[in-house]
Amino acid sequence: MVAARPAAGQPLIELRNIRKSYGGTGGEPSVEILHGIDLDIRAGEFVAIVGASGSGKSTLMHILGCLDRPGSGSYRFAGQDISSLGADELAWLRREAFGFVFQGYHLIRTLDACHNVQVPAVYAGMPAPERQGRAQALLARLGLGERTGHRPGQLSGGQQQRVSIARALMNGGHVILADEPTGALDSHSGAEVMALLRELADAGHTVILITHDPQVAAQARRVVRISDGDIVGDGGQDRSGVSPEPAAPECDARHFMAGMARGAAHGASWFADVKETLGSAWRTLWVSRFRTLLTLLGIVIGVASVIVLMAVGQGASEQTLAQMAAFGNTHRMSIRPGTDNARGLRGLLTEADVRLVSEVPNVDIAMPFLTGSVMLRAGGTDLYTLVWSMGHEGLRLFNWQLARGVFFSEEDERQLATVVVLGKLARERLFPDGDAIGRYVLLDNVPFRVIGELAETGEDDGDNIAAIPFATASRRVLGTPYPGLIQVKVVDPARIDRTVADVTAVLEEAHRVRDFNIANNPAHARAQNEAARQQSLLLALIAGISLVVGGIGIMNIMLMAVKERTREIGIRMATGARQRDIRRQFLTEAVMVSLVGGVAGMAIGLVIGVGLIYWAVPVVFSIRAMLLAFGCAVATGLVFGFMPARQAARLDPVVALAGE
Ligand code: ADP
Ligand code: MG
């Protein structure tokens, strides 16, 4: 049994010729604080290190607790040379082997007593229910069972010190390092704390008590006197704790070494970590919620405006497209006579061309088309109207609906029938009393029989027209056999570019020159759409800038948080947090701000969008835009939170603990 304990042969803590200096950088003179300390402490001892203020006690304790490294000399803990350990391994040792009790308690003020006690177990990866139970039990044992939900600010000094003792015991507290634990307490609370430390020593914990007060020191079983960085007296090793009876197995130093061999770098499981980090980030942000809210605003405005601007842009361009589709524009192109560049010949389109074009693949309709302003007369009314002469397919080509009657047919074309289909407006002006079907209109003094009336088209001036067969018009009204242009409707607008090329080839072969132009509506629509898209991208860019501004806000608040919470960072490091734990904590807070901002921004963006729909503004929400905005927000948090998080993680534990 005894052989299983390092105390049998070897001290738990061996200091040899430890020196520590401060200063020596930036022109300051270097001052040596510890001048070669030799000290052995065995497992289970209750040692007081006593000395005047400024004699180097705290400096020594920081070295003992692996919060600081000695300038020179060797420190072996349970036989292990500390100087060979990396930052993560030191963090592990602080977490598993040591429990710190400070004069100023050093509790995290945003956490309640129970959560403060749990901090070391969080970094050790203890599952939450187990951790919680243990923290409650420890607090109950120290007489704080009723106070577990109180924050440090709501507890007295003595109570806070007991919370910090409970925290020191959370992971076992094999070696309790207490630096002036009674220094800030009234005599009664001080006596209580001393009684507790004695109890712990009796239970087998190694207790190292640091004090300037000889009366307090006298309560320990061994007193080491320190003056100006030198040990000036040692009451001799305390043998009482090194009884042949085995101490609690958790106080066996080999336990640490074995644990460290198993994986000092290993902390909590990834998932438990994330849950815990999120929870703690949330609590921290909640405590300073007003400030958090202000920081959020930038992100909220950024995300909301990205979503709204993209939705409005998308809505506008889809409305344009929908309108074009309604008039058949997306499927239409027209061929106009032009001038051949090489020879300056003015071209003419013929009905033969119409037939040629109609045979090109993907061409649905090709029809002659000619317009002219003509005087229409019915009864006593004269009306200048645009006469559209076209093929019988015109109804389908223009996507018109008939309000009454019929459209002219192929047969009408062949017979050069004098029939007319009136637009709604033309009909209303010429026949204000209603139905015009079967009545006659004089077109340039030629009587035309009204056979149909178009429904309202919604296009500008689209209703003040009269449609007649091209064949009739060219011979009897407009007096030219040549179509002004050829209107073409394609089957598949996606293939329109190919069709334009084919039509060009066919006509060029027939004319031997390129004396025509093709107006390609779908291409035009595409260009228009592209322009709208670019405009909405520009708007999104502006919104993106506000995201960056929000990100700078996050960076600002996080840098401030690191400054304000330097002490907390020190406490976390003293309780075993590794650099990466600290980094992750601050990064999580930054991302959480942006996450909350992103969600709020999405919600507000949606509400504004729905409001716009209510005001009849065309709005199309796109999942892509939303995910984009949200992703940008989170990325903003990550990017702008990284620098402050790294700054926090790189703090030196001792410096951080001394911070405000
Ligand atoms: P004690 O705890 O015994 O009162 P400390 O160990 O805190 O003494 O300090 C010992 C001496 O080291 C003091 O003179 C103090 O001013 C100096 N000292 C402590 N920490 C630092 C530091 N970070 N930089 C410079 N001097 C320091
Ligand atoms: Mg001190």
Side-chain angles (χ1 to χ4, degrees), residues 13 15 17-39 41 47-73 75 82 87 90 94 98-107 157 160-161 164-165 168 175-185 190 193-194 197 207-220 222-235 562-563 566-571 573-574 647-648 650-660:
I13 288 171
L15 298 182
N17 198 22
I18 292 289
R19 290 171 189 273
K20 179 73 182 175
S21 308
Y22 287 117
T25 53
E28 280 177 64
S30 165
V31 182
E32 193 173 78
I33 306 297
L34 299 178
H35 314 291
I37 300 281
D38 291 305
L39 183 62
I41 296 173
V47 191
I49 296 176
V50 65
S53 175
S55 53
K57 306 182 296 292
S58 295
T59 306
L60 180 59
M61 188 204 82
H62 291 149
I63 291 173
L64 283 171
C66 298
L67 288 167
D68 205 357
R69 289 176 186 270
S72 69
Y75 174 14
I82 293 304
L90 289 181
R94 288 196 292 269
F98 296 106
F100 295 92
V101 179
F102 297 97
Q103 175 172 7
Y105 327 126
H106 282 0
L107 298 176
Q160 288 188 60
Q161 196 58 299
S164 89
I165 292 173
V175 181
I176 303 282
L177 284 163
D179 189 356
E180 308 273 10
T182 59
L185 299 178
V193 165
M194 283 312 298
L197 290 179
V207 178
I208 302 175
L209 166 69
I210 282 166
T211 179
H212 67 279
D213 183 346
Q215 281 185 335
V216 172
Q219 301 182 45
R222 171 184 171 193
V223 178
V224 174
R225 236 169 274 285
I226 184 170
S227 172
D228 277 337
D230 280 309
I231 288 183
V232 293
D234 189 340
V562 172
K563 273 226 157 20
T566 309
R567 173 76 61 84
E568 177 191 325
I569 295 165
I571 295 167
M573 286 174 162
Q647 209 179 65
R650 286 188 174 177
L651 283 173
D652 187 49
V654 179
V655 174
L657 268 176
E660 265 319 301

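In listed order, ligands and their atoms are each counted from 1. Atom set for the values below is all heavy atoms of this structure, side chains included, hydrogens, waters and symmetry mates excluded. This structure is a prediction, so every number in the text was calculated from the model and none was measured.
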> Less than 4.5 Å apart, any side-chain heavy atom of M573 and any of L67?
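Heavy-atom side-chain distance check fails, nothing below 4.5 Å.
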> Can you list the atoms of ligand 1 that are under 4.0 Å from a heavy atom of I33?
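It comes down to these atoms of ligand 1: 10 (C), 11 (C), 12 (O), 17 (C).
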> Using 30° and 60° as the class boundaries, would you call the ring planes of F102 and H106 parallel, tilted or perpendicular?
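Rings of F102 and H106: tilted, as their planes differ by 30° to 60°.
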> What do you reckon, does G23 put a non-hydrogen atom under 4.0 Å from ligand 1?
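So G23 does not count as touching ligand 1.
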> Counting only heavy atoms on the protein side, is anything nearer than 4.0 Å to atom 16 (O) of ligand 1?
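Given the 4.0 Å cut-off, atom 16 (O) of ligand 1 does not count as touching protein heavy atoms.
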> Heavy-atom distance to atom 5 (P) of ligand 1: which of L34, T59, V31 wins?
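Selected option, by shortest heavy-atom distance: T59.
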> Among protein heavy atoms, which lies nearest atom 8 (O) of ligand 1, and at what distance?
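Of every protein heavy atom, G56 N, 3.4 Å lies nearest to atom 8 (O) of ligand 1.
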> Considering only the protein, which heavy-atom contact is closest to atom 2 (O) of ligand 1, and what is its distance?
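The protein heavy atom lying closest is S58 OG, 2.7 Å.
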> Considering only protein heavy atoms, which is closest to atom 1 (P) of ligand 1, and at what distance to one decimal place?
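Protein heavy atom with the smallest distance to atom 1 (P) of ligand 1: G54 N, 3.5 Å.
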> Keeping the roles fixed (side chain from Y75, backbone from L64), state whether a donor-acceptor pair exists under 3.5 Å.
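Checking the backbone N and O of L64 against the side chain of Y75, a donor-acceptor pair under 3.5 Å is found.
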> Looking only at protein heavy atoms, which one is nearest to atom 26 (N) of ligand 1, and how far off is it?
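The closest heavy atom on the protein side is Y22 CD1, 3.3 Å.
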> Using atom types as modelled and distance alone, determine if a side-chain donor or acceptor of D38 lies under 3.5 Å from a backbone N or O of N17.
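Between the backbone of N17 and the side chain of D38 there is a qualifying donor-acceptor contact (under 3.5 Å).
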> Closer than 4.0 Å to some heavy atom of S53 - which atoms of ligand 1 meet that?
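With S53 as reference, the close atoms of ligand 1 come out as 4 (O).
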> Is ligand 1 less than 4.0 angstrom away from at least one heavy atom of G51?
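False for this residue.
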> Side chains of Q219 and L197: does their closest heavy-atom pair fall under 4.5 Å?
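No, their side chains stay 4.5 Å or more apart.
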> If only atom types and distance count, is the side chain of E180 paired as donor or acceptor with the main-chain N or O of L209 below 3.5 Å?
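No, because the side chain of E180 does not come within donor-acceptor range (under 3.5 Å) of the backbone of L209.
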> Kindly indicate whether atom 22 (C) of ligand 1 is approached by any protein heavy atom to under 4.0 angstrom.
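Yes.
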> Check whether any side-chain heavy atom of I208 lies under 4.5 Å from a side-chain heavy atom of I13, and answer yes or no.
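The answer is yes; the side chains approach within 4.5 Å.
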> Just to verify, which of L34, I226, V50 counts as forming a side chain to side chain contact (heavy atoms under 4.5 Å, CB included) with K57?
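Single pass found, and it is I226.
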> Any N/O/S atom from S53 (main chain or side chain) under 2.8 Å of the Mg ion (ligand 2)?
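Short answer: no, not a single N, O or S atom is under the cut-off.
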